[in-house]
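Single-structure report; data block below.
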Amino acid sequence: MQGSVGDLLRSACIDGAKYRQSDSVGKVLAHISLLPYLGLFYQTAVVYSRREISEGLFLLGSLVNIACGRILKKAIHQVRPVGTCEALGICDKPGMPSSHCQVMFFLLGLELLQVCRKSYKFHQDSWQCLGQLSTTFVYSIASLLVAHSRVYLGYHDLPQVLAGAAAGLFMSAVCFGLTSLIAGYFPAWQQLQLGKLFRVKDTWHINDVLLFEYNNTVKSRSKKSL
């Protein structure tokens, strides 16, 4: 990236990734690099709307994952790619590991572990497995595209991206493992006054939550019509 930032670079949005104005691929990848923010927003929306204890813990895990990434960056304090950091104005910000990759691969890791758990514990049929594998495939492609965008746009080099992916997968395993260990306390938490106030739900033991709620809604309507 040569020349002045104002002449050659444009931001995807406020505080978004920058790309060369003449680079259509870079423009697409700059917008793709916003996916980690959308992922966190989606997690928050799921927690607010679903009120599931496990999802709340996963969101907490995401925040801890981000905090750990910041700590690692300060501890390692590795510079970003020298050839592009000046044009992007980020030479003073450490780049190891990539925070974007760490967030995306954390979400991917959680999705993979949930698919494995449900497939093993509930012996899902082929349609259920296909649906979950499709979601996992989308997460995988999105994570790889974000990783590619960070290198392509010059924000990170390959080792920094790989380190972010590894850290995200590791943190997702820790988060999922801890959630599994304390899942036995979910029913008690659900019965607490605070749990009743916020209508939190223990759905860890349910295979298909949407189907479960649908069936109970139909039964409730049938009873009222009698």
What is the minimum heavy-atom distance between [X] and [Y], and which atoms define it?
X    : Y   : answer
P36  : S33 : CD-O, 3.2 Å
T179 : F58 : OG1-CE2, 3.7 Å
G154 : T84 : O-OG1, 2.6 Å

In this structure, would [X] and [Y] fall into the same cluster of hydrophobic residues linked by side-chain contacts under 4.5 Å?
X    : Y    : answer
V103 : V151 : no
F176 : Y42  : yes
L110 : L178 : yes

Main-chain N/O of Y155 paired to R150 side chain as donor or acceptor, under 3.5 Å: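 No: the side chain of R150 does not pair with the backbone of Y155.
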R199 (side chain) donor-acceptor with R51 (main chain) under 3.5 angstrom: no
Gap separating the CG atom of L57 from the CH2 atom of W204, nearest 0.5 angstrom: 9.0 Å
Results of side-chain hydrogen bond (donor to acceptor under 3.5 Å, both in side chains) for S99 - residues two or more places apart only: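 Partners of S99 under the side-chain hydrogen bond (donor to acceptor under 3.5 Å, both in side chains) test: K73.
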E52: side-chain hydrogen bond (donor to acceptor under 3.5 Å, both in side chains) partners, not counting sequence neighbours: R50, T203
Parallel, tilted or perpendicular, as decided by the 30° and 60° cut-offs, for the rings of W189 and Y185: parallel
Parallel, tilted or perpendicular, as decided by the 30° and 60° cut-offs, for the rings of H100 and Y37: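 Ring orientation, 0 to 90° scale: perpendicular.
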Test disulfide (SG to SG under 2.5 Å) applied to C116 - qualifying residues, sequence neighbours left out: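 C116: no disulfide (SG to SG under 2.5 Å) contacts found.
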Extract all donor-acceptor atom pairs below 3.5 Å that involve side chains of residues 64-71 and protein atoms in other chains or at least two apart in sequence.
| residue | atom | partner | partner atom | Å |
| --- | --- | --- | --- | --- |
| N65 | OD1 | Q102 | NE2 | 2.8 |
| N65 | ND2 | Q102 | O | 3.3 |

Set of side chain to side chain contact (heavy atoms under 4.5 Å, CB included) partners for P159, sequence neighbours left out: M96, D157
Show me, pair by pair, the donor-acceptor contacts under 3.5 angstrom made by side chains of residues 137-147, not counting sequence neighbours?
| residue | atom | partner | partner atom | Å |
| --- | --- | --- | --- | --- |
| S140 | OG | T136 | O | 2.8 |
| S143 | OG | M104 | O | 3.4 |
| S143 | OG | Y139 | O | 2.8 |

Candidate pair Y152 and D23, rule side chain to side chain contact (heavy atoms under 4.5 Å, CB included), full reasoning: CA-CA 11 Å; Y152 182 92; D23 186 0; 2.8 Å; yes
